[in-house]
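Heads up: the structure comes next, in structure tokens.
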Number of protein chains: 2
Amino acid sequence: MAPMNIRENIRPGGRSARVQASVHKAVRGLLSTMDRSDVTIPLIATQAGVTPSTIYRRWGDLQELLADVAVERLRPDAPPKDTGSAHTDLAQWAEQYADEMASGPGRAMIRDVLASVGADTRNAGKCCGYTREQLQVIADRARERGEAFPDVETVIDTLVAPIMYRILFDDVAPTSEKVLALVECLMSPQR
Amino acid sequence: MAPMNIRENIRPGGRSARVQASVHKAVRGLLSTMDRSDVTIPLIATQAGVTPSTIYRRWGDLQELLADVAVERLRPDAPPKDTGSAHTDLAQWAEQYADEMASGPGRAMIRDVLASVGADTRNAGKCCGYTREQLQVIADRARERGEAFPDVETVIDTLVAPIMYRILFDDVAPTSEKVLALVECLMSPQR
DNA sequence: GGCCTAAAAGCAAATTATTTGCTTTAGTGG
DNA sequence: CCACTAAAGCAAATAATTTGCTTTTAGGCC
């Protein structure tokens, strides 16, 4: 009933860390090979060289585990590229964001993250947080350069939210033109 | 493996329709009583007076069934209220939409809908379709009155998407002021 | 280093959910 | 009214999940 929560502080070299790593790796491997509906906890356990009960006790159920893996994969590995101006920084970031999120694996990861209910793990919140951080980097860079740049929350409302909405509900990747138009609308002077 | 798909054409008075109705009713009843993680297919089957295998064969798994029920509950039961002007029509609709979607049951239903993968049932698409229809009614009314009104897709990008994004990823209901500000931005003359 | 402790993992039995082959029933069209 | 088909029931087989208990492991302390 009450699901597991995933501990935040795992000593880096310890057994917990090794188990977590091998389970995550097993999940990634299996998801890349087979249909998600065929991935089960006993299967993952076998792949990871771990007993199923370990996974049940640590993650609670498949959904939480998939969400945990997805959040990690959705974490950006680098700050947005510095292209010389805030406008092009944002445009480039947005195009990449839209592409990644609209891809098959991207969509699956978003679904996994949203489907997990875990009130304390706040998976969806983490993803949103990553996006905010990335946008903040662009915003800070703009300020250093003395360029005008809208509030990060405004960028989320105007640019990120529509991209995500289309992907989630319309099952459509916004075209590059559409994304650029949204960026334009955000960065154009009359704001 | 290959999940069930839910038939579109069920003869109204038939046995299928009765089974569907009693299963849906059982799901709604159970969801209102207990935690969603305690709701299982055997339980629903018992409540509905049906065998579990019937549910498995028709819906495939719990997720698909919950999504099926959720889509039905998310369908608006009436067109948006006619308040005399497009601006107020939209404001009123948006506030109600935000409230409903941000409520506990609303969020749960959205999650259920998004979590179901069923490529042919297109649950999320249906929800989005309902929203479009509602907005189109407001737009048509505006046109009849000779009022200016933005494109429905623009309304989705500017108003609906941010509301939904905040609910899904930030776990926050947009405040009434925020919603009204978005409406304002959409309906203000400089667009 | 060796011992103690707590946390996490393994194991296996019990429970519960899911799948499946076959039978029965209800609705439809001749 | 009878035959046919689609969906439901039933029950046995399989698979997943939970749980109590045992074992291992890493960290802290002499």
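Since this is a predicted model, take the numbers as computed values, not measurements. In what follows, chains are A, B, ... by sequence order, proteins preceding strands, each numbered from 1.
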When the distance from [atom1] of [X] to [atom2] of [N] is rounded to whole Å, what number comes out?
X: B/W59; N: D/dA7; atom1: CH2; atom2: C1'; answer: 12 Å
X: A/I55; N: D/dT18; atom1: CD1; atom2: P; answer: 13 Å
X: A/I41; N: D/dT18; atom1: CD1; atom2: C1'; answer: 12 Å
X: B/R58; N: D/dA6; atom1: CZ; atom2: P; answer: 15 Å
X: B/D38; N: C/dT16; atom1: CG; atom2: C1'; answer: 13 Å

Practice item. Taking only the side-chain heavy atoms of B/P42 (C-beta and beyond), determine which of C/dA9, C/dA17, D/dC10 contains the nearest atom. Key: C/dA17
Check your understanding: Does A/T51 place a side-chain N or O at less than 4.0 Å from the phosphate oxygens OP1/OP2 of C/dC11?
Key -> no
**Study point:** Annotated protein contacts, base or backbone, on nucleotides 19-25 of chain D with a non-hydrogen cut-off under 4.0 Å, one of B, S, - each
**Key:** BBB--BS
Check your understanding: Using a cut-off of 4.0 Å between protein heavy atoms and nucleotide atoms, how would you tag nucleotides 1-6 of chain C 5' to 3' with B, S and -?
Key -> ------
Check your understanding: Between A/R166 and B/E153, is the closest basic N to carboxylate O distance under 4.0 Å?
Key -> yes
Review point. Sequence neighbours excluded, which residues qualify as side-chain hydrogen bond (donor to acceptor under 3.5 Å, both in side chains) partners of A/T88?
Key: A/T83, A/S85
Exercise for review: Under the side-chain hydrogen bond (donor to acceptor under 3.5 Å, both in side chains) rule, collect the residues that match up with A/T54, sequence neighbours excluded.
Suggested key: A/T51
Mind jotting down which residue pairs meet the ring pair (Phe, Tyr, Trp, His ring centres under 6.0 Å) criterion with at least one end in [range]? Sequence neighbours excluded, please.
range: residues 73-99 of chain B; value: B/W93-B/Y97
range: residues 153-173 of chain A; value: A/Y165-A/F169
range: residues 109-131 of chain A; value: none

Practice item. List in chain and number order the residues that pass salt bridge (Lys or Arg N to Asp or Glu O under 4.0 Å) with B/R141, two or more places apart in sequence or in another chain; answer none if no residue qualifies. Key: B/D82, B/D89
**Study point:** Under the salt bridge (Lys or Arg N to Asp or Glu O under 4.0 Å) test, residues paired with A/E147 that sit two or more places apart
**Key:** A/R145
Practice item. For B/G49 and for A/L62, find the nucleotide of DNA chain D with the closest heavy atom, then tell me which residue's nucleotide is more 5'. Key: B/G49
